[in-house]
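Within every chain, numbering begins at 1; the chains are lettered A, B, ... in the order of the sequence lines, protein sequences first and strands thereafter.
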Amino acid sequence: MSDGLNSPQREAVRTLSGPLLVLAGAGTGKTRVVTHRIAELIRHGTSPDRILAVTFTRKAAGEMLERSTQLLGKKRKGQEAQPLISTFHALCVKILRRHIEKLGYPHRFTICDRSDQHSEARAALREIRCPDQSLKPADLISIVSQWKSRSFEPGRAASIAESDREHLAAAAYRRYQSNLKSKGMVDFDDLLLLTQQLFARHPTVRREEASQFDHILVDEYQDTNQSQYQIVKGLAAGHRNLCVVGDDDQSIYGWRGAEVQHILSFQKDWPEAKLVRLEENYRSTAAILNYANTLIAFNRLRHEKVLRAARPNGQSPRVMQLRDENDEAEKVVADIQKQLSEPGVRAQDFAILCRTNEQPRVFETELRRAKLPYVLLGGMSFFDRKEVKDLLAYLKLIANPQDESSLLRIINTPPRNIGASTVKQLLAKATAQGCTVWDILPAHAHETTTKFQQLILSLQKIARKASLVELISDVIAQTGYRQELERQYPDPNDREARTASIEEIINAASLFDVRKKRDSLLEDFLDDIALGTRDTSDDKENQLQNNAIALMTLHSAKGLEFPFVYMVGMEEGILPHKRSVEIEGDAIDEERRLCYVGVTRAQEKLTLSFALGRRKWGKLRDTIPSRFLYEMTGQAENIRKRGSNRSRSRNAV
DNA sequence: GCACTGACCGTTTTT
DNA sequence: CGGTCAGTGC
């Protein structure tokens with residue numbers, strides 16, 4: 001086999017049966033191993049559709065599928081059976097769509113988005129009469145999410161709650177969960193938790209689902225939480241052909257319940273598991289890798305390992321010291337522009353990595369001013385836009401009239417004389433009769449509400465026959481949404497931006513019309529959107545992405561690589577983030593791993609930048625360079641002696 | 001029922 | 001600073 005693999009890689013590829021743990025450091029060819037392994041399984045006679053590979057993002061899933069089919073030399077994609085490559089969440093949605101009523105949920109359920117979640121949390125807190133100050137909706141969401149990721153139901157949560165705050169949260173969790181359930185809504189954590197419960201309570205379902213596959217692969221295993229692990233276990237228990245791939249040093253989702261423990265103790269649950277370590281890094285130069293190795297060695301709880309650089313030497317990483325965040329953006333962009341003028345350097349070779357979602361703003365303005373192409377990856381901004389939310393609410397309501405939050409969102413959008421007081425009456429009636437607002441509408445017998453229901457019913461009829469694009473056009477036409485936009489935004493520039501987002505949805509829908517089967521078109525489309533936005537494989541957008549500077553958070557940079565990487569905002573309070581510094585314990589270690597992930601994205605040249613001051617809510621405040629800067633450069637003893645050591649950071653500007 | 005105004009508050013990271 | 005939401009006037 002002239003596959004160009006090194007010997008541990010080959011071992012990982014060729015160990016085809018039984019449990020296998022691949023500890024793969026950053027840049028050691030993990031993706032290659034996984035794709036080769038899938039191809040190898042198929043070559044050895046496994047039917048492709050008996051293979052399940054679970055990835056972390058949809059983008060990773062798409063890439064993996066493409067590369068493994070390439071390896072097999074398949075020309076006619078889609079004609080033959082394909083391996084199922086999916087994220088955990090997408091996998092669970094499919095399973096739940098088949099069986100959720102066994103858990104007492106309505107057969108039709110909607111996945112709630114962040115704002116749904118927020119309003120449900122708010123409602124639950126109101127119900128337990130919690131004064132808003134002691135526990136805020138956002139706090140409740142994160143506590144509940146932690147509990148769910150550890151498979152705690154409300155009862156269990158109540159029994160382990162210690163502080164007042166936790167008791168309060170447990171009580172609110174109970175309400176939150178039963179409200180969601182009665183409305184047929186599931187949040188993101190439920191997708192995993194409910195699947196796990198389904199498997200635990202209905203062994204036949206578990207066996208039925210498990211029997212579809214003979215081989216299971218899990219990528220980014222270090223980010224697996226309790227529910228995900230139980231699901232994997234349930235699926236793999238029969239054949240035990242389970243291959244997990246990950247790197248404990250890149251575990252950056254602890255706040256979401258990921259437990260590094262799973263990867264550290266894999267061999268306890270799977271005693272016959274084979275272990276393969278990949279430690280030869282092909283991605284970065286030695287100079288960059290030295291920084292990474294020095295940094296991560298400060299973490300104590302980890303698999304001891306040192307990545308070997310396959311590429312010797314290289315340029316030493318630079319540290320840029322800037323005045324404030326504007327100066328930082330300006331100088332970083334100027335630096336990129338300078339490098340772009342050299343032959344063979346392309347925009348897509350650059351990435352600017354940030355800790356928070358707010359940081360990219362300044363860079364965006366600066367990049368626009370410099371007329372450089374860029375893509376902002378990961379920001380959910382598109383689906384946060386009002387028009388998009390409205391339109392999707394219509395579609396969700398058409399798909400499932402019981403979806404109350406969608407109904408409430410658009411019942412009077414565009415205004416149709418169903419005001420706040422009417423809605424209040426409807427809600428009161430619904431709670432009194434124990435049904436949803438939709439069921440109340442006919443009984444309410446007002447001209448406005450009946451008309452509204454007629455509208456939705458007629459759109460439902462269209463949905464059954466027409467394509468998605470036709471349906472969406474009809475929604476816009478019949479609701480008068482376009483006229484409403486024109487009325488609300490007399491400024492043509494404003495209006496154009498709003499119409500543009502609607503057109504984007506139509507584009508996405510048209511792609512869907514082509515490739516999906518008829519019967520569950522709308523449901524599939526909505527699931528797809530709820531599960532993540534990554535794969536808007538619009539040609540125009542793709543082209544743009546392929547020739548643009550990438551701007552993103554460290555979290556979304558996982559799995560990617562770039563010749564030139566700029567890690568910006570290397571300051572105490574940002575990386576490590578303030579919230580992690582405040583918490584006792586190992587939160588700092590995760591920040592350090594995050595920094596490590598950033599550093600190991602760089603192939604040729606790494607630039608670290610920090611500002612001496614940063615504006616927050618309009619006020620300029622002094623900052624301290626990140627401790628990680630000192631750790632990486634072997635000056636750890638200087639940490640916290642602010643001022644005196646600033647001069648030691650090389651100033652590249 | 002609807003539109004406008006000002007107080008309030010502060011998302012770390014994402015499927 | 002900028003987005004959200006409640007309260008007020010029409």
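- Separating the CG atom of Leu560(A) from the P atom of dT14(B) is a distance of 13 Å, rounded to the nearest angstrom.
- Computed from coordinates, the Lys94(A) NZ to dT15(B) C1' distance equals 15 Å when rounded to whole Å.
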(request) For nucleotides 7-13 of chain B, just jot down a letter per nucleotide in 5' to 3' order: B, S or -, based on protein non-hydrogen atoms under 4.0 Å. (result) ---BBBB
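- Side-chain N/O atoms of Asn417(A) include one lying less than 4.0 angstrom from OP1 or OP2 on dC2(B).
- Within 4.0 Å of Asn412(A), counting heavy atoms only, lie sugar-phosphate atoms of the nucleic acid but no base atom.
- One interatomic measurement links the two molecules: CZ of Arg416(A) to P of dC2(B), which rounds to 10 Å at whole-angstrom precision.
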Name every donor-acceptor pair, under 3.5 Å, that has one atom in a side chain of residues 416-428 of chain A and the other anywhere in the protein, sequence neighbours excluded.
unit_1: Arg416(A); atom_1: NH1; unit_2: Ile410(A); atom_2: O; d: 2.8
unit_1: Arg416(A); atom_1: NH1; unit_2: Ile411(A); atom_2: O; d: 2.8
unit_1: Arg416(A); atom_1: NH2; unit_2: Tyr394(A); atom_2: OH; d: 2.7

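- Between Arg409(A) and the options Asp403(A), Asp390(A), Asp116(A), a salt bridge (charged side-chain N to carboxylate O under 4.0 Å, His left out) holds for only Asp390(A).
- Atoms NZ (Lys148(A)) and C1' (dT14(B)) sit 16 Å apart, rounded to a whole Å.
- Applying the 4.0 Å criterion to OP1 and OP2 of dT15(B), one finds that Asn225(A) has every side-chain N and O outside that range.
- For the pair Lys59(A) NZ and dT15(B) P, the interatomic distance rounds to 11 Å; values are reported in whole Å.
- Salt-bridge annotation for Arg614(A) and Glu328(A): present, with a side-chain N of the basic residue lying under 4.0 Å from a carboxylate O of the acidic one.
- Salt-bridge formation is not detected for the pair Asp139(A)/Lys136(A): no Lys NZ or Arg NE/NH1/NH2 atom is positioned less than 4.0 Å from an Asp or Glu carboxylate oxygen.
- Between the P atom of dT15(B) and the CG atom of Asp190(A) lies a distance of 18 Å, rounded to the nearest Å.
- For the 3.5 Å distance criterion, the side chains of Gln250(A) and Tyr596(A) fail to qualify, holding no donor opposite an acceptor.
- Side chain to side chain, Gln226(A) and Ser151(A) fail the donor-acceptor criterion of an N or O pair below 3.5 Å.
- The distance between atom CG of Leu376(A) and atom P of dT14(B), rounded to the nearest whole Å, is 11 Å.
- Between Arg361(A) and Glu364(A) no salt bridge is recorded (no basic side-chain N to carboxylate O distance below 4.0 Å).
- Nucleotide dG3(C) holds its C1' atom 15 Å from the NZ atom of Lys386(A), rounded to whole Å.
- With P as the reference atom, dT13(B) and dT4(C) are 16 Å apart, rounded to whole Å.
- Counting non-hydrogen atoms under 4.0 angstrom, Phe88(A) reaches nothing in the nucleic acid.
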